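Order of appearance sets the numbers: ligands from 1, and atoms from 1 within every ligand. Heavy atoms only: backbone and side chains are in, while hydrogens, waters and symmetry mates are out. Just so it is clear, the model here is predicted, and its values are computed rather than measured.
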Amino acid sequence: MTSELSTAEQAALTSGSDFWHTTAVESAGLPALTVTDGPHGVRMQASEGDLLAGVPATCFPPAVAGASTWDPELLRRMGEALGDECRAMDVAVLLGPGVNLKRSPLGGRNFEYFSEDPILTGVLATEWVRGLQSKGVGASLKHYAVNSQETDRMRVSADVDERTLREMYLRAFHRVVTRAQPWTVMCAYNKVNGVYASEHHWLLTEVLRDEWGFEGLVVSDWGAVVDRVAAVRAGLDLTMPGPDAAGDRALVDAVENGTLEAAALRRSADLVREMIVKAGKREAGAYDAAAHHDLAREIAGRAIVLLKNDGGILPLGGQSLAVIGEFARTPRYQGGGSSQITPTRLDDALTQIQASTSAAVTFASGYDDIPAAVEVARGSDVALVFVGSVHETEGADRESLDLPAEHLALIEQVSAVNPNTVVVLSNGAVLVTSPWEARVPAIVEGWLLGQAGGSAIADVLFGRVNPSGRLAETIPVKLADHPSYLDFPGEHGHVRYGEGLHVGYRGFDAREQAVSYPFGFGLSYTTFSYGTASGDGLEIRVPVTNTGSVDGREVVQVYVSLPGSSVRRAPRELKAFANVAIPAGATTEVVLTVDRADLAYWDVRLGRWIVEDGDYVFEIGASSRDIRATVTRHVDGDAVRVPLTADSSVGEWFADPRGAELLGSLFAEAAAGAGDSTMAAMASDPGMLLMLNSLPLSRMAMFPGSPFSAEALTGLIKAANE
Ligand code: BGC
């Protein structure tokens, strides 16, 4: 396609013309496209000098909140609404969603990411992308890959073993790419196992394109490219921001002197061009700001997680209320950095609470006038204390999971005078509740909820919305319990992903550790009971009854394990979930289907996904630690045969039917013909065999008394693998 473009024009097309635009090539009729952040709103830069101030746009709930809805349909609607706003602002590509796993609760960008679980992340992000792209606007799936920390983010090498990489850190990317084909994938700043993501041929080409069939283009994170030629060679197509005249020239030189294949540059330029042509087809649009605000409110209401509600203190009735804490009046509703949106409106909880009741509402800002807060709390039926994290931003990880000291003091002193104290949290990533939770009867986890968060909080407090949010990340008792604790954030340019597959709840469960609130947890103003699970194969059917007096939503979760697996696995892994509205008193049969491919592990010996044959345990629960029904289903596995070699151990030979037959008869013959002291005789004794199990066959051949020689081994291997 770009064959008619000169090499210089092709190079220019593969870098931006400024911060937010691709390069126009007028001779080829290619206009410049606008790309912008993302992910929970459209951040169209309003003026030249200020990168962060944007044209007003709906600030939807950031991913931390979106994920807590556990509702793919809501995320799709959010994607559609974002698409409409992009069309209204002539944006071709919105830079999101961010699907990196929340490896540590300290991760500075956790508010922009979905979960510690790759399936939950992947399912939700897929719908978000489908929604956005249904409007003719492209997504940018980011940050590919393993960008799970901010400390030294532009240089650090995330050192991860391949199984963990495949099963955990790449899994959500794989799901979204194969099911939604985002127009673009954004490469991360960091290195992965020593190689910059922007120069990682294996990641950008072998995995993303060759294995997954990605059809779009790879764009760099802003400033992630160190070497344009190496990047294009590895499979990176568009470098942002621009202009980058030196890099463009380096590409031309490299093509001319043969160090870069002309086809590589042409392919990248073709992909940029295809995107420009595709984006040109979208229609201009307008959007209804009031309707989008309502949608932001609906999603926010569904994202709130009710952590504690002793004695049913919530929802509120006609009690007099003390509203305490500046966050009630000045909401914390998004994190800092590139995702910061200038909202079209901003609801605060105080105003919305006042509008929701005819009873007395008094306010104290709290953090620096604690005695005044104590006074209003003393004189009210219920004290609502708004506290949370003060700062969360891209570019820096958090230092602790604790509330600021003055917020802790506020909870302590208010709860001392008013036993009906309800804590409302505003935070982009988990905070520990253990130091203070016993002091209060109710805790409302309000995350960062976007511009309508204030009304959403009032909706939940007054029961207009029955809470149904569920934790997409574990709340640990303390930071030191977390699986990532010993290996975060690394040092001297490397961070070792030492906990391997045991990210988040997988690690807590494997070590049978207590947590404050488990993954998947969240209360409701009603209760649900689960009946007996049925179904066939990978389909689970379970009747769920709303046993309370108000309508509600239940999030039914399916966790899978394989006892006796030949590889290390977490005790339970989320493989399916369903979000269902169930009227009071009604029973709904919930149907969940586990995808067979999601049962696979990555086999490092064979370099491929393997579904093991076996009896899988399916646990159906209301959270990862509230299992209501269990079924066992046999799954026929993939045919797997690891070729036997001289380096295979005695144990591995005996584990293979053909190997066992050959080696067994050799041992038997040798034992029959030799004295008791020979190795062959040892091998015929089951007790001794245990000791020999780890011995590679080539090594055994070298021992005196071995039943076969080094030469004979060659024949044995041939016979075994025939
Ligand atoms: C962030 C990206 C963002 C880009 C453009 C980078 O610093 O890591 O997520 O899309 O800037 O603002």
Does only the side chain of [X] get under 4.0 Å from ligand 1, or the backbone, or both, or neither? Count heavy atoms.
X	answer
Arg43	side chain
Glu150	neither
Met240	neither
Arg153	side chain
Trp20	side chain

Donor-acceptor check, side chain of [X] to backbone of [Y], threshold 3.5 angstrom: yes or no?
X	Y	result
Asn110	Ser104	yes
Thr22	Leu33	yes
Glu116	Thr474	yes

So among Glu150, Glu392, His143, Gln149, which one has a side-chain hydrogen bond (donor to acceptor under 3.5 Å, both in side chains) with Arg109?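 The option that passes is His143.
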
Can you name the atoms of ligand 1, numbered from 1 with element, that are less than 4.0 Å from a heavy atom of [X]?
X	answer
Tyr189	6 (C), 7 (O), 8 (O)
Met186	10 (O)
Asp221	1 (C), 2 (C), 3 (C), 4 (C), 6 (C), 7 (O), 8 (O), 11 (O)
Lys142	2 (C), 3 (C), 9 (O), 10 (O)

Plane angle bin for Phe60 and His292 - parallel if under 30°, tilted between 30 and 60°, otherwise perpendicular: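 The arrangement is tilted - the two ring planes meet at 30° to 60°.
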
Nearest protein heavy-atom contact for atom 3 (C) of ligand 1: which residue, which atom, what distance?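 The answer is Asp37 OD1, 3.2 Å.
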
Check this for me - ligand 1, Trp222, N or O atoms closer than 3.5 angstrom, yes or no?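 No; every N/O pair is 3.5 Å or more apart.
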
Answer yes or no: does an N/O atom from Glu112 fall short of 3.5 Å to an N/O atom of ligand 1?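 Among all N and O atoms of Glu112, none is under 3.5 Å from an N or O of ligand 1.
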
Regarding Gln451 and Thr344, do their side chains bring together a donor and an acceptor under 3.5 Å, going by distance alone?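 Looking only at side-chain atoms, Thr344 and Gln451 do form a donor-acceptor pair, the distance falling under 3.5 Å.
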
Verdict with supporting geometry, Asp487 and Tyr497, side-chain hydrogen bond (donor to acceptor under 3.5 Å, both in side chains): CA-CA 6 Å; Asp487 283 313; Tyr497 280 45; over 6 Å; no

Would Lys102 pass as a cation-pi partner of Tyr113, given that its NZ or CZ must be under 6.0 Å from the six-membered ring centre and within 45 degrees of the axis?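 No, Lys102 does not sit over the ring of Tyr113.
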
